[in-house]
Amino acid sequence: VTLLELVDRVLNKGVVLTGDITLSVADVDLVYVGLRVLLTSVATLDETETNRA
Amino acid sequence: MLYLYALSEHPTVVPPTLGIEDTPLALERFDGIDAVVGTVAADRVDPSEGTILAHSRVVDELAAVNEAVLPARFGRGYSDVDALRRAVAEHADGLRQALDRVRGCLEVGLRALSSPPSEGATLGSGREYMLARLDERRRAEHVADELHRPLAALARAEVRSVASTPQLLLSASYLVPRDAVDAFRSAVRDLERSHPDLTLACTGPWPPYSFATAEIEAE
């Protein structure tokens, strides 16, 4: 969970100035896919939501 | 490429650590705002476990020895010092405000999870389901407020979202003065005792990632 929180902060939070390189959504998604083992708790939550929807 | 790790209030203490691809850190000074950078060979930095951890390690070590640090979001680089200077100058006022806000503070994260919904909760008519969801939502907001109030009293600022999934009652980040972090953790333990039905996950302290965004982006 701590690593997930870390990745979330490093990739999604923090100062953004203009004129810089931005990552594509696909890049960010790939990180999450790569870390999927660590994301079990989130996946479970998503699954719960999907099942209920 | 000049890769940006963080902005910091001058004078910045640069820790003797290496950054992405084991490159050394350097400091560029712009009118009271220091930029902690590193020169990396590639013209972009792809996100991988190694590069993300390297970025976060640099920011952690900076925040450990400096009072006011604004972590940069991962993956941002500049072609040269002038390009970085222009970007900093364009946001200088917002950056100074943000540095003032985070001075002396760290970020503590909190997630509150309720127990899994009971089996069969999705049975029944659509109307019953929607009413149940509405009820769930109101209950979540009420509990989130109960958790939030004693913690907000110890924090300088907070960002939160309530009930983004049925189980996640509260997901929040608090900007906490360094000398209040222990008191904050103790307040979380009190909440764990008063809400035995919830699982509270308290993380950090982190550098103030969540408080280095809004005002600057809004400009």
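This structure is a prediction, so every number in the text was calculated from the model and none was measured. Every chain is numbered from 1, with letters handed out A, B, ... down the list of sequences.
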Going through the distances and angles, do B/Y78 and A/L17 end up as a side-chain contact (heavy atoms from CB on, under 4.5 Å)?
CA-CA 10 Å; B/Y78 299 83; A/L17 305 174; 3.3 Å; yes
Which residues pass the side-chain contact (heavy atoms from CB on, under 4.5 Å) test with B/R189, not counting sequence neighbours?
B/R185, B/S186, B/E192, B/R193
Would you call A/L6 and B/T203 a side-chain contact if the rule is heavy atoms closer than 4.5 Å?
no
Quick one: do the B/S173 and A/R9 side chains pair a donor with an acceptor below 3.5 Å?
yes
Do the side chains of B/L53 and A/L3 get nearer than 4.5 Å, heavy atoms only?
yes
Contacts of type side chain to side chain donor-acceptor pair (under 3.5 Å), residue B/D135, not counting sequence neighbours
none
Between B/V88 and chain A, which part of the residue has a heavy atom less than 4.5 Å away: side chain, backbone, both or neither?
both
Minimum heavy-atom distance B/P47-A/L11, with the two atoms named
CB-CD2, 4.4 Å
Working to the nearest 0.5 angstrom, can you tell me the gap between A/N12 CG and B/R73 CZ?
6.5 Å
Verdict with supporting geometry, B/E107 and A/K13, salt bridge (charged side-chain N to carboxylate O under 4.0 Å, His left out)
CA-CA 12 Å; B/E107 174 177 337; A/K13 310 279 164 60; 5.8 Å; no
Among residues 28-40 of chain B, those lying within the under-4.5 Å heavy-atom range of chain A are none
Euclidean distance, B/S171 OG relative to A/D8 CG, rounded to 0.5 Å:
8.0 Å
For B/E61, all residues meeting side chain to side chain donor-acceptor pair (under 3.5 Å), sequence neighbours excluded
none
